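The structure presented is a predicted model; accordingly, all values stated were derived computationally and were not measured. Residue numbers run from 1 in the order of the sequence given. Computation of the quantities below employed the complete heavy-atom set of this structure, encompassing side-chain atoms and omitting hydrogens, waters and symmetry-equivalent molecules.
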Amino acid sequence: MIDSESKMHNFITKMSYIVIFPDEKIELFKSLRDIQKAISVNSSTISKKLKNKEFFFTPKGSDFVFFIKKIET
C-alpha cells in the first residue's frame, strides 16, 4: 500500500507508460515491450508514434482503440 509521497514517486518512476484500454480499464506499464504483449502492437510502432505525438493505437485486424501516453515525472 502506498502511504507517502515518496513511495508514490518511487512507484511512478518505475512505471513509464499509461494505457487506456477499449473497455475503459487503465493500466501502468514499465516498458513498450510489456505494452506490446498486452495489446498486440509492435513496440517500435508505439515508440515511433509517441515521438510524433500520436497517442491512439489500433492493432492490425482489430477495431479496438488504445490510448498510450508516456508518464513524465
Side-chain angles (χ1 to χ4, degrees):
M1 199 46 100
I2 298 174
D3 59 2
S4 71
E5 286 184 29
S6 62
K7 287 181 183 177
M8 180 61 77
H9 184 266
N10 289 338
F11 174 74
I12 292 297
T13 55
K14 291 178 187 173
M15 297 297 174
S16 300
Y17 301 92
I18 184 168
V19 178
I20 302 176
F21 287 75
D23 62 356
E24 299 178 7
K25 176 179 71 169
I26 299 171
E27 283 191 42
L28 299 174
F29 289 86
K30 291 181 181 181
S31 71
L32 294 177
R33 289 189 190 268
D34 291 340
I35 297 171
Q36 174 181 311
K37 293 175 190 172
I39 71 169
S40 300
V41 174
N42 193 290
S43 60
S44 63
T45 300
I46 298 169
S47 177
K48 288 176 192 173
K49 287 183 77 171
L50 289 176
K51 286 179 184 175
N52 291 327
K53 305 231 185 281
E54 298 176 53
F55 305 108
F56 297 97
F57 299 83
T58 304
K60 289 182 182 176
S62 171
D63 293 330
F64 296 122
V65 177
F66 297 84
F67 176 85
I68 303 172
K69 182 111 166 101
K70 184 163 178 57
I71 298 172
E72 307 293 334
T73 54

Query - Distance (rounded to the nearest 0.5 Å) between Asp34 CG and Leu28 CG - result: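 Here the rounded value is 11.5 Å.
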
Query - Minimal non-hydrogen separation, Phe64 against Thr58, with atom names - result: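 Distance-wise, the nearest heavy atoms are O-CG2, 3.3 Å.
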
Query raised in the report: What distance separates Ser31 OG from Met15 CE, expressed to the nearest 0.5 Å?
Result: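 Taking OG in Ser31 and CE in Met15, the distance rounds to 10.0 Å.
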
Query raised in the report: Which heavy atom of Ile68 sits nearest a heavy atom of Ile39, and at what distance?
Result: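 So the minimum-distance heavy-atom pair works out to CD1-CD1, 3.7 Å.
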
Requested in this report: Quick one: pull up OG1 in Thr13 and NZ in Lys30 and give me the separation to the nearest 0.5 Å.
Outcome: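 Output value for this atom pair is 10.5 Å.
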
Requested in this report: Taking Asn52 for its side chain and Glu54 for its backbone only, find out whether a donor-acceptor pair lies under 3.5 Å.
Outcome: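 No, the answer is negative, given that no donor and acceptor are paired below the 3.5 Å cut-off.
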
Query raised in the report: Is the closest side-chain heavy-atom distance between Leu50 and Phe57 below 4.5 Å?
Result: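 Leu50 reaches Phe57 side chain to side chain.
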
Query raised in the report: How far apart are the closest heavy atoms of Pro59 and Ser40, and which atoms are they?
Result: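 So the minimum-distance heavy-atom pair works out to CB-O, 3.8 Å.
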
**Report entry** Spacing of Ile46 atom CD1 and Arg33 atom CZ [to the nearest 0.5 Å]
**Finding:**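 The distance works out to 11.0 Å.
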
Requested in this report: Nearest 0.5 Å please: distance from the CD1 atom of Ile18 over to the CD atom of Glu27.
Outcome: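 Spacing of CD1 (Ile18) from CD (Glu27) equals 10.5 Å.
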
**Report entry** Distance (rounded to the nearest 0.5 Å) between Ser47 OG and Lys49 NZ
**Finding:**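 Output value for this atom pair is 12.5 Å.
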
Query raised in the report: Where do Val65 and Pro22 come nearest, in terms of heavy atoms and distance?
Result: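 What the structure gives for the nearest pair is O-CG, 3.5 Å.
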
Query raised in the report: How about Phe66 and Phe21: are their ring centres within less than 6.0 Å of each other?
Result: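 So the answer is yes for these two rings.
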
